Amino acid sequence: MSPAVDPRAVESLLAFWADAGVDAAYADAPIDRLAEGAALLRARSQPQPVAAPARPVLVAGGSADVSAAVAQARAAAAACQDLDALAAAIAAFDGCPLKSQGARQAVFSRGPGDAPLMIIGEGPGADEDAQGQPFVGRAGQLLDRMLKAAGLTDRAFITNTVFWRPPGNRTPTPQEQAVCAPFVERAIALVSPRMLLLIGGASAKALLKRDEGILSLRGRWFEWTSADGGLELPALPTLHPAFLLRQPANKKRAWQDLLTLTERLDRPDRPH
Ligand code: URA
């Protein structure tokens with residue numbers, strides 16, 4: 001018989017973990033990592049039989065596995081002729097490790113499918129995971145207010161570099177972003193915006209393949225190029241609204257970036 005569990009102790013432990021930012025469970029049952037480690041040490045001290053080569057399995061970070069998942073994503077994305085098909089393909093895709101790390105659902109996009117501007121954030125947070133739409137939490141509400149002030153309401157298609165919430169709101173890894181990238185590229189091709197606004201360092205670095213921090217990248221125009229080189233678009237990195245909520249003094253920089261963006265977006269095409 002299992003010992004009686006004090007519900008107040010459980011509540012208090014859960015509150016402790018929630019305060020520490022642990023608000024998602026990977027699996028239904030607990031795993032005793034200490035026992036696993038002890039078993040591993042015991043096994044290592046035994047003589048090892050010659051092992052057959054292991055078949056690749058999908059784990060976060062393994063490069064062979066990542067290339068297989070990227071190829072799978074590219075094929076699935078290429079088959080999509082419209083955004084509804086793309087949303088369905090993303091939801092059905094099992095190649096991104098984030099999908100099995102506690103996310104409730106895939107979060108793809110919001111905004112008009114023929115928008116002149118595409119906004120690409122980092123990845124869904126808790127509110128987005130619950131509601132199934134990007135940028136609907138506090139950061140998203142600030143983004144919406146900024147877009148409204150810049151006259152951009154209903155002129156932006158909004159998505160992220162990854163479509164499943166990273167556990168504890170951590171930054172998505174480059175591997176997770178690489179696996180989702182073919183879907184992001186297909187979304188860009190289908191929406192066909194005139195330019196991209198890259199929100200935050202994780203988005204700017206992934207899309208532009210650069211290493212500088214966001215404070216150095218923001219407010220400067222770059223050329224985004226698709227993996228096959230067939231598509232090119234102007235892209236402007238800016239600060240993430242979640243960062244602005246923590247450091248409101250930076251809002252004026254983000255506002256300058258939006259003015260830089262709208263100046264180009266609304267500039268009449270020059271005659272050839
Ligand atoms: N932060 C992001 O980068 N994307 C979202 O969708 C929400 C918060």
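Any value given below was found using the heavy atoms of this structure, including those in side chains, with hydrogens, waters and symmetry copies removed. Remember, it's 1-based here, ligands and their atoms both numbered in the order they're listed. If you read the sequence from its start, that first residue is 1, and numbering goes on from there. Since the structure is predicted, the reported quantities are computational estimates derived from the model, not experimental observations.
- Ion pair Arg110/Asp144 flagged as a salt bridge, since at least one NZ, NE, NH1 or NH2 atom sits closer than 4.0 Å to an Asp/Glu carboxylate oxygen.
- Ion pairing between Asp82 and Arg186 fails under the 4.0 Å rule for side-chain N and carboxylate O.
- With sequence neighbours left out, Thr225 forms a side chain to side chain contact (heavy atoms under 4.5 Å, CB included) with Glu232.
- Applying the ring-ring contact (aromatic ring centres under 6.0 Å, His included) test to every pair with at least one member in residues 208-233, sequence neighbours left out, gives no pairs at all.
- By the ring-ring contact (aromatic ring centres under 6.0 Å, His included) test, Phe93 is found to be paired with Phe183, residues two or more places apart in sequence or in another chain being considered.
- The closest side-chain donor-acceptor pair between Arg253 and Gln247, if any, does not fall under 3.5 angstrom.
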Between the protein and ligand 1, are there any N or O atom pairs that come within less than 3.5 Å of each other, and if so, what are their names and distances?
from	atom 1	to	atom 2	distance (Å)
ligand 1	1 (N)	His240	NE2	3.2
ligand 1	3 (O)	Glu122	N	2.8
ligand 1	3 (O)	Gly123	N	3.3
ligand 1	3 (O)	His240	NE2	2.8
ligand 1	4 (N)	Gly123	O	3.1
ligand 1	4 (N)	Asn160	OD1	2.8
ligand 1	6 (O)	Phe135	N	2.9
ligand 1	6 (O)	Asn160	ND2	2.9

